[in-house]
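Worksheet: the structure to be examined is printed underneath.
Every chain is numbered from 1 and lettered A, B, ... according to where its sequence line falls, protein lines coming before strand lines. Small disclaimer: the values here were computed from a predicted structure and weren't measured.
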Protein chains: 2
Amino acid sequence: MPVRRQARGERRIGDILDATLALFAELGYDRTSTNAIAARAGMSPGSLYQYFPNKEAIAEALSQRLLDQLRAAHAAAFDQASAASLPLPELVSRVVDPLVAFNVANPGAKTLFGTAAMPAALSAGSRPLHDAVTGRVAALIRARFPGLPDPDVNRAAMVAVQIVAALMGPIVAAEGRERAALVAELKRALVGYLAGSGGSDPAA
Amino acid sequence: MPVRRQARGERRIGDILDATLALFAELGYDRTSTNAIAARAGMSPGSLYQYFPNKEAIAEALSQRLLDQLRAAHAAAFDQASAASLPLPELVSRVVDPLVAFNVANPGAKTLFGTAAMPAALSAGSRPLHDAVTGRVAALIRARFPGLPDPDVNRAAMVAVQIVAALMGPIVAAEGRERAALVAELKRALVGYLAGSGGSDPAA
DNA sequence: CGAAAATACGAGCGATCGATCGTGTTATCG
DNA sequence: CGATAACACGATCGATCGCTCGTATTTTCG
């Protein structure tokens with residue numbers, strides 16, 4: 001049942017998602033209470049539930065908003081043409097750098113990027129984001145290694161995404177030189193991994 | 001205040017840790033209730049709290065038990081001699097294979113291996129395990145790359161451990177052929193990463 | 001044996017959680 | 001304007017959480 005939103009309502013939804021992202025970054029999903037979200041967003045619990053039916057829906061909406069932002073910030077990095085022709089380190093940099101910037105700007109995004117075997121509730125909310133990113137990476141790998149069978153492509157994309165996700169926490173937590181060093185390590189790991197990804201490398 | 005444990009008590013403690021490990025594997029730390037632990041261990045909540053002052057202490061004890069088991073299962077893999085002389089893929093295999101076997105045998109171990117920026121409660125309980133493993137990996141890397149400065153050694157160890165931890169979830173969740181394929185990918189990723197770890201590789 | 005210590009139980013405490021609801025306020029529109 | 005719908009509030013609900021406590025049973029040991 002759709003509701004005619006007023007401008008004020010749209011603003012409030014944004015406030016809720018902002019508060020949720022901040023609290024997820026500090027406490028994670030389980031330890032973030034809906035009352036705390038409402039308080040940080042400057043509203044009552046009742047108002048919060050005017051816009052979302054339950055906690056999971058908030059996580060889903062936040063996941064969707066992050067996905068949209070990521071898509072916008074990442075548009076250029078995922079075109080197939082450069083995927084096939086660029087040197088591998090350059091290609092990895094083009095994908096990783098915006099991703100790092102995004103996560104630094106949005107700490108707490110990683111909470112919505114839960115790895116695997118999580119409680120179904122959060123897993124369901126974060127799967128769209130996770131799947132979308134993995135899918136884009138798979139497309140990139142497929143474009144670069146045209147001979148690679150689909151199962152191998154998907155597995156390589158999953159592994160690459162897991163590696164990035166695993167190191168994003170420490171990267172976001174670090175600062176300055178140490179962060180730069182960790183990003184360099186992440187790129188080295190990805191290049192080292194992908195360089196040996198079966199099939200021929202068009203730009204090796 | 002130490003307590004003279006009877007044989008029955010030691011057995012009960014083992015039951016509690018077994019139940020906790022199983023529940024952590026299914027639900028994670030937050031969603032595992034102490035009452036559920038007691039129920040699965042076949043005792044009342046009161047009995048559970050006869051052996052542990054609180055939930056965090058249970059996680060710590062479990063973490064310690066896992067660490068001991070891991071040490072036993074891993075003794076041979078971490079000697080310095082082979083670290084310097086073995087071919088890198090062989091060395092990686094010797095470390096990774098027992099680790100995979102251990103995690104397959106103890107699903108839920110990964111719950112105690114929380115990455116970073118987790119709620120302090122769980123983080124404190126799992127840090128010993130995490131630090132011990134990272135320290136052993138660091139010693140291995142230091143033995144293999146004698147010229148590498150300490151900060152670089154520690155960073156590389158941390159990155160390697162994060163990569164292993166990130167892929168352990170999918171590996172444990174998979175079975176048969178797919179699991180073997182994922183393990184192979186993990187090894188490739190580690191070898192690719194470590195092969196380029198500055199300094200000279202004694203056995204390159 | 002008998003006393004002390006360890007083990008066992010489970011109803012229930014206080015706190016907190018996600019979510020509801022009755023009531024009042026503000027915006028939209030004919 | 002008046003009417004309707006969207007927005008806002010916060011006390012409070014029922015459920016669940018980590019944990020306690022009074023009491024009963026079993027083991028240890030002199």
>> Can you identify which nucleotide, out of C/dA6, D/dA8, C/dA8, has its nearest atom closest to the A/R12 side chain?
In response: D/dA8

>> Taking side-chain contact (heavy atoms from CB on, under 4.5 Å) as the criterion, tell me which of B/L99, B/L186, B/V96, B/V164 meets it with B/I171.
In response: B/L186

> Taking only N and O in the side chain of A/R11, is any of them less than 4.0 Å away from OP1 or OP2 of D/dC7?
Replying inline: no

>> Can you measure B/I58 atom CD1 to D/dC19 atom C1' for me and round it to whole angstrom units?
In response: 11 Å

> What's the CG-P distance between A/L48 and C/dC21, to the nearest Å?
Replying inline: 16 Å

>> Here's a test of your reading of the structure: between B/A7 and B/N54, which maps to the more 5' nucleotide of DNA chain D?
In response: B/N54

> Could you give the CZ-to-C1' distance, from A/F52 to D/dC7, as a whole number of Å?
Replying inline: 15 Å

>> At less than 4.0 Å, is any side-chain N or O atom of B/R4 found next to OP1 or OP2 of D/dT27? Yes or no.
In response: no

> Which heavy atom in B/P98 sits nearest to a heavy atom in B/A73, and how many Å separate them?
Replying inline: CB-O, 4.0 Å

> Between atom CD in B/E10 and atom P in D/dT26, what is the gap in whole Å?
Replying inline: 21 Å

> Of the non-hydrogen atoms in A/L129 and A/S63, which two are nearest, and what is the gap between them?
Replying inline: CB-OG, 3.3 Å

>> Between P on C/dA4 and CD on B/Q6, what's the gap in Å once rounded to a whole number?
In response: 17 Å

>> For C/dA8 and B/S44 - does any side-chain N or O of the residue sit under 4.0 Å from the phosphate oxygens OP1/OP2?
In response: no

> Between A/R5 and B/P53, which is nearer to the 5' end of DNA chain D once each is assigned its nearest nucleotide?
Replying inline: A/R5

What pairs of nitrogen or oxygen atoms, one from the protein and one from nucleotides 11-17 of chain C, lie under 3.5 Å apart?
none

> Can you tell me how far P of C/dT26 sits from CE of A/M43, to the nearest Å?
Replying inline: 16 Å

Identify all side-chain donor-acceptor contacts of residues 17-24 of chain A below 3.5 Å with residues at least two apart in sequence or on another chain.
unit_1 : atom_1 : unit_2 : atom_2 : d
A/D18  : OD1    : A/R65  : NH1    : 3.1
A/D18  : OD1    : A/R65  : NH2    : 3.0
A/T20  : OG1    : A/I16  : O      : 2.7

>> Show the nearest heavy-atom pair for residues B/M43 and B/L48, with the distance to one decimal.
In response: SD-N, 3.8 Å

> Among D/dC29, C/dT7, C/dT26, which nucleotide sits nearest the side chain of B/Q50?
Replying inline: C/dT7

> Considering only side-chain heavy atoms of A/Y49, which listed nucleotide, D/dG10, C/dA19, D/dC19, is closest?
Replying inline: C/dA19

>> OP1 or OP2 of D/dA8 versus the side-chain N and O atoms of A/Y51: is any pair under 4.0 Å?
In response: yes

>> Tell me the closest heavy-atom pair linking A/A174 and A/R179, and the distance in Å.
In response: O-NH2, 2.8 Å

>> Give me the atom names and distance for the closest heavy-atom approach of A/Y193 to A/R155.
In response: OH-O, 4.4 Å

